[in-house]
Amino acid sequence: MKYDFKAIEEKWQKVWEEKQAFVASEDYSKPKFYGLVEFPYPSGSGMHVGHIKAYSGLEVISRKRRMQGYNVLFPMGFDAYGLPTENSAIKFNTHPRILTDRNIAKFTSQLKRVGFSFDWTKVIDTTEEDYYKWTQWIFLKLFEHGLVFRDQALVNYCPSCKVVLSNEDSQGGKCDICHSDIIQKSKDVWYLRITEYADKLLQGLDGVEYPENIKMQQVNWIGKSTGAFVDFSIKEVDESLRVYTTRCDTLFGVTFMVIAPEHPIIEKYRDKISNIDALDTYKEECAKKTEFERTQLVKDKTGVKIEGLTAVNPVNGKEIPVYISDYVMMGYGTGAIMAVPAHDQRDYDFAKKFGIDIIEVIKGGDISVEAYTGDGEMVNSDFLNGIEKKADAIEKMLGFLGEKGIGEKGVQYKMKDWAFNRQRYWGEPIPIVHCAKCGMVPVPYEELPLKLPNVENFEPGEGGESPLAKIDSFVNCKCPKCGGDARRETDTMPQWAGSSWYFLRYIDPKNDKVFADKEKLNYWLPVDWYNGGMEHVTRHLIYSRFWHKFLYDIGEVPTAEPYAKRSAQGLILGPDGQKMSKSRGNVVDPNDVVNEYGADTLRVYILFMGDYGMAAPWSESSMRGCKRFLDRVAELPSMIKGEGATPALESLFHKTLKKVTLDIEDMKFNTAIAAMMTLLNAIYDNGSLTRDELKMLVQMLSPFAPHLCEEIWEQLGGEGLCSLSAWPQYDETKTVDSTVEIVVQINGKLKSRLNVKADISAADAISAAKADEKIAAEIAGKAIIKEIYVPKKLVNIVAK
RNA sequence: GCGGGUGUGGCGGAAUUGGCAGACGCGCUAGACUUAGGAUCUAGUGUCACGCACGUGCAGGUUCAAGUCCUGUCACCCGCACCA
């Protein structure tokens with residue numbers, strides 16, 4: 001058969017669409033499979049082979065599940081709000097709505113050309129009113145339950161994008177979008193109280209099937225630590241300074257305190273501080289430093305002593321100085337620390353620089369050289385002296401602190417509340433009204449969606465104001481509560497909002513009464529398998545777990561966790577082994593590949609490249625190998641002889657089917673394809689195969705190369721669509737060989753090979769081995785110490 | 001610094017979890033068919049001192065047997081990072 005991939009692919013894509021072959025059914029009596037892939041951000045540059053890899057894994061699994069009789073939901077949509085579109089809107093002076101629609105159309109046609117079996121009747125677009133209505137609805141629910149608050153805070157601000165970013169979006173002190181340096185700016189910010197869910201997010205990990213590295217990343221991100229809060233009184237004023245410490249066992253070694261430059265106690269007692277000017281100067285310098293500069297100066301500690309405030313160590317009454325330094329962060333703990341230079345390297349560096357006492361309280365190190373952070377016997381510590389175990393010392397100290405009312409056990413998280421607003425146009429409007437009389441008033445549910453107004457100018461304001469602030473008709477409104485004049489909130493939600501619940505909307509995308517029907521949620525949740533990139537592990541994956549858990553707590557969804565299982569694909573690197581990027585010019589466009597080699601080749605190659613979870617470089621010549629494989633498959637119909645099974649091939653067919661069936665479940669697509677290549681080579685060596693065998697082969701290949709397989713299936717007179725035919729069953733008994741080749745070793749070295757019956761006894765195998773000429777010669781005159789038989793593998797004779 | 005991961009032919013990668021290292025593919029070599037080949041077919045292809053010799057980043061160890069387990073070490077990649 002001539003393999004005209006272009007004609008074949010167009011033909012079958014049309015048939016699948018007409019027959020609605022991959023539409024999830026409403027038949028809830030069938031077992032379900034909900035396979036989810038991270039929906040793309042429809043950027044102007046179109047798709048990337050990385051997108052194809054990200055979707056191909058669950059594409060194969062979903063296609064197999066359908067053939068295995070599951071009711072499969074495998075949806076696709078577009079996460080279309082976000083800065084890149086808005087930036088190109090400004091650049092090309094084109095409305096983001098127009099750009100978004102254009103980009104979605106482009107993505108859709110590219111996805112369809114690859115032949116993905118998405119349920120296209122359930123496509124969602126996060127920027128459509130009937131979608132973001134429910135994003136706003138969830139926001140209001142969060143508001144209603146006290147999980148939304150507004151605070152004047154130092155925020156990560158990108159001076160180039162003119163936008164406030166969350167911690168997650170400014171990792172490493174760089175803007176996630178434009179990579180400019182982030183500066184700290186004081187602003188009114190909307191927060192979602194994700195920290196309220198820190199423990200639930202942590203505990204929930206126990207019950208889900210995520211790879212260990214993903215769990216670890218989330219655990220580290222949440223960063224739970226247990227320690228103690230301790231109050232240090234200030235001598236000059238009636239005030240105490242609270243610190244958080246994980247090492248309250250070292251309290252007797254405290255020789256000074258450090259507070260963050262922004263700590264409010266400085267403002268509160270300005271008039272008591274004699275060197276306030278020096279503190280102000282230092283504070284200004286810190287605000288100017290970029291994150292990068294701060295981390296560069298880890299070893300070089302800076303700070304200023306506060307003259308006029310002296311702290312008192314609560315365990316021994318010693319008076320100690322208080323410093324400000326930028327090595328203490330306002331955003332973690334209490335913004336103040338007790339410094340124990342003998343047992344904390346940072347405090348040690350600081351003490352050395354400022355000539356502060358260093359008192360050893362744990363034996364074991366040499367504090368004239370560096371801080372000692374290990375375990376050891378407690379000294380110089382009054383009632384703790386002599387204790388050897390850290391845990392015991394902490395326990396005893398906690399008891400003491402509790403008794404005296406100067407401290408208590410405490411828990412801290414690295415995770416911070418989620419800064420949930422952007423001063424930008426292309427996002428969901430935050431449905432809140434500011435009323436002089438009533439304060440923050442939520443827009444009533446029945447008025448949702450609060451529509452994003454159509455504007456002409458999307459440039460953000462110079463002061464970091466949203467473009468919406470310039471639209472009077474949007475801003476000026478009546479307070480829903482008192483009816484008086486009020487102003488609308490003009491910030492929009494961050495790009496992560498829409499993706500935090502999209503998997504729920506796929507279940508019932510057209511519902512205009514609720515975000516999704518309860519019965520449908522009950523049937524489809526949780527997502528059985530979610531595949532996506534590692535870059536979303538500490539953002540989208542945590543955010544969406546948070547929203548889902550909240551919805552669960554208020555009774556809106558039936559499961560505590562959204563995703564039962566998560567996997568992650570590895571990157572596709574450029575042919576040069578570098579990460580693909582436009583600037584390097586090593587990006588491969590899937591459209592070009594589909595044009596030149598066909599979608600089936602692209603799909604097979606992407607899954608054959610290597611381990612699905614690992615990065616692998618693109619190689620066009622390797623891809624040609626996959627094309628050759630499919631070319632040879634396309635020739636098979638001309639090699640058919642008869643029906644039933646070919647004796648020489650039967651066992652290999654069942655072995656291959658077994659391997660493919662099992663490997664797909666482990667996402668070991670590369671070895672599944674390799675096994676089918678091996679089978680194909682054997683068929684060619686044999687010169688023929690039967691009609692039934694070819695049917696079986698195209699069925700097992702069809703999740704990978706569905707177009708070609710449909711074509712052959714049709715030629716063979718297969719019933720219905722190959723994509724919806726019943727997954728073939730392998731016969732276990734036919735996968736085992738009656739005779740096997742075993743290896744004979746002397747002292748673990750390979751010396752000979754034997755063919756034996758598979759079920760041969762150990763004694764028979766060993767005597768057969770000894771009867772072998774080479775072996776007999778080897779062991780002649782030697783004492784046999786041990787004889788080992790590993791069934792179907794080898795005989796090893798230990799001889800001296 | 002902390003956490004996670006990876007080191008196997010010229011290249012991408014296999015190896016049922018301790019049992020024949022290098023499956024499968026690429027590339028390469030030779031030949032066939034060709035006016036031609038980024039086509040197809042056939043054979044070969046880890047290394048060399050061609051021995052059942054040596055070989056899985058390096059050095060040890062456990063074992064009848066180690067890519068796989070243990071100890072140490074080096075290199076690279078990815079997260080987080082002055083987290084108190």
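Chain letters run A, B, ... following the sequence lines, proteins first and then strands; every chain starts at 1.
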Please pick, from B:rA84, B:rC82, B:rG13, the nucleotide with the shortest atom-to-atom distance to any side-chain atom of A:Tyr327. B:rC82
Base, sugar-phosphate or nothing for A:Arg628? Non-hydrogen atoms, less than 4.0 Å. sugar-phosphate
Between B:rC11 (C1') and A:Leu573 (CG): distance, integer Å: 14 Å
Which value, in whole Å, describes the distance between the P atoms of nucleotides B:rG22 and B:rA15? 13 Å
Closest listed nucleotide, where the reference is the side chain of A:Tyr597 and the choices are B:rU6, B:rC82, B:rG38: B:rG38
Which one, B:rU6, B:rG12, B:rG25, comes nearest to the side chain of A:Ala616? B:rG12
The Watson-Crick or G-U wobble partner of B:rG19, with both key distances under 3.5 Å, is B:rC64
Taking any strand in view, what nucleotide pairs with B:rG1 in a Watson-Crick or G-U wobble way, both distances under 3.5 Å? B:rC80
Please classify B:rU17 as syn or anti, treating any glycosidic angle within 90° of 0 as syn. syn
Can you tell me which nucleotide in B:rG25, B:rC82, B:rG79 comes closest to the side chain of A:Gln217? B:rG79
Any A:Lys793 side-chain nitrogen or oxygen under 4.0 Å from OP1 or OP2 of B:rG19: no
Any Lys/Arg nitrogen of A:Asp344 or A:Arg346 sitting under 4.0 Å from an Asp/Glu carboxylate oxygen of the other? yes
Tell me what A:Ala615 touches on the nucleic acid: a base, only sugar-phosphate, or nothing, going by heavy atoms under 4.0 Å. sugar-phosphate
Think A:Tyr244 has a side-chain N or O under 4.0 angstrom from the OP1 or OP2 of B:rA84? no
Contacts of A:Asn220 and A:Lys786 projected onto RNA chain B by closest heavy atom; the upstream (5') one is A:Asn220
So if I take every side-chain heavy atom of A:Leu794 and compare against B:rC82, B:rG19, B:rG25, which nucleotide ends up nearest? B:rG19
Are the side chain of A:Tyr789 and the backbone N or O of A:Asp764 linked by a donor-acceptor pair below 3.5 Å? no
Determine the Euclidean distance between corresponding P atoms of B:rU68 and B:rG57; express it in Å to zero decimal places. 8 Å
Does A:Asn313 use its side chain to pair, donor to acceptor, with the backbone of A:Phe232 at less than 3.5 Å? no
In whole angstrom, what separates A:Ile222's CD1 from B:rG4's P? 16 Å
In whole angstrom, give me the gap between the C1' atoms of B:rC20 and B:rU29. 27 Å
Test item: A:Asp417 side-chain N/O and A:Ile194 main-chain N/O as donor-acceptor pair under 3.5 Å: yes
In whole angstrom, give the distance that lies between atom CZ of A:Arg603 and atom C1' of B:rG25. 20 Å
Applying the 3.5 Å cut-off to both distances, the Watson-Crick or G-U partner of B:rG12 turns out to be B:rC24
Using a 4.0 Å heavy-atom cut-off, does A:Tyr684 contact any base of the nucleic acid, only the sugar-phosphate backbone, or nothing at all? nothing
Can you tell me which residue among A:Phe704, A:Phe629, A:Trp618, A:Phe669 is in a ring pair (Phe, Tyr, Trp, His ring centres under 6.0 Å) with A:Tyr605? A:Trp618
What I want to check is whether an N or O donor and acceptor connect the side chain of A:Lys301 with the base of B:rC82 at under 3.5 Å. yes
Between NZ of A:Lys224 and P of B:rC2 the distance, given in whole Å, is 24 Å
Pick base, sugar-phosphate or nothing for A:Glu596, based on heavy-atom distances below 4.0 Å to the nucleic acid. base
Give me the distance, rounded to whole Å, that separates B:rA75 from B:rA59 when you measure between the P atoms they each carry. 16 Å
Identify whether any heavy atom of A:Glu741 sits under 4.0 Å from a base atom; if not, whether one sits that close to sugar-phosphate; answer base, sugar-phosphate or nothing. base
Can you say whether a donor on the side chain of A:Tyr612 sits under 3.5 Å from an acceptor on the base of B:rG13, or the other way round? no
B:rC69 to B:rU56 separation - P atoms, rounded to the nearest Å: 15 Å
Tell me: OH of A:Tyr730 to C1' of B:rU16, nearest whole Å? 13 Å
Across all strands shown, which nucleotide pairs with B:rU40 by Watson-Crick or G-U wobble geometry, both distances under 3.5 Å? B:rA32
Rounding to the closest angstrom, what is the interatomic distance between B:rA65 and B:rA21 at atom C1'? 14 Å
Syn or anti conformation of B:rG9, syn meaning chi within 90° of 0: syn
What is the distance, rounded to the nearest whole Å, between atom NZ of A:Lys627 and atom P of B:rG25? 16 Å
Out of B:rC20, B:rG27, B:rA84, which has the shortest distance to the side chain of A:Ser621? B:rG27
Any side-chain N or O of A:Asn670 below 4.0 angstrom from OP1/OP2 of B:rA23? no
Partner lookup for B:rC52, please. Criteria are Watson-Crick or G-U wobble with both distances under 3.5 angstrom; report none if nothing qualifies. none
Rounding to an integer number of angstrom, what distance separates B:rG3 and B:rG67 when you compare their C1' atoms? 25 Å
Once hydrogens and angles are ignored, does a donor-acceptor distance under 3.5 Å link the base of B:rC26 to the side chain of A:Arg624? no
Give a yes/no on whether any side-chain N or O of A:Lys668 is located under 4.0 angstrom from OP1 or OP2 of B:rA15. yes
Output the rounded distance in Å from CG (A:Asp4) to C1' (B:rA39). 16 Å
Do the charged groups of A:Lys353 and A:Asp349 touch, with an N to O distance under 4.0 Å? no
Using a 4.0 Å heavy-atom cut-off across all strands, classify A:Glu787 as base, sugar-phosphate, or nothing. nothing
With heavy atoms under 4.0 Å as the rule, sort A:Asp347 into base, sugar-phosphate or nothing. nothing
Scan A:Glu212 against the nucleic acid and name what it touches under 4.0 Å (heavy atoms): base, sugar-phosphate only, or nothing. nothing
Regarding the side chain of A:Val328, the nearest nucleotide among B:rC41, B:rC26, B:rA84 is B:rA84
Closest to side chain of A:Ser619, choosing from B:rA23, B:rG3, B:rC26: B:rC26
Walking RNA chain B from its 5' end, the first of A:Val790 and A:Lys659 to be reached, judged by nearest nucleotide, is A:Lys659
Taking atom P in both B:rC76 and B:rG61, compute the distance separating them and give it to the nearest angstrom. 28 Å
Quick check for you: among B:rG4, B:rC20, B:rA84, whose closest atom lies nearest to any side-chain atom of A:Asn213? B:rG4
In Watson-Crick or G-U wobble terms, with both distances under 3.5 Å, the base opposite B:rG7 is B:rC74
Should A:Lys655 and A:Asp737 count as an ion pair when the cut-off is N to O under 4.0 Å? yes
Between the side chains of A:Ser567 and A:Tyr612, is a donor N or O closer than 3.5 angstrom to an acceptor N or O? no
Between A:Arg242 and A:Glu408, does at least one N-O distance fall below 4.0 Å, as a salt bridge requires? yes
Taking only Lys NZ, Arg NE, NH1 and NH2, and the carboxylate oxygens of Asp or Glu, determine whether A:Glu635 and A:Arg628 approach each other closer than 4.0 Å. no
Within the modelled atom types, does a donor on one side and an acceptor on the other bring the side chain of A:Lys658 and the base of B:rU16 under 3.5 Å apart? no
Need one value for A:Asn796: base, sugar-phosphate or nothing, where a base atom within 4.0 Å counts as base even if backbone is also close, heavy atoms only. base
Given B:rC64, B:rG79, B:rG12, which nucleotide is nearest the side-chain atoms of A:Val798? B:rC64
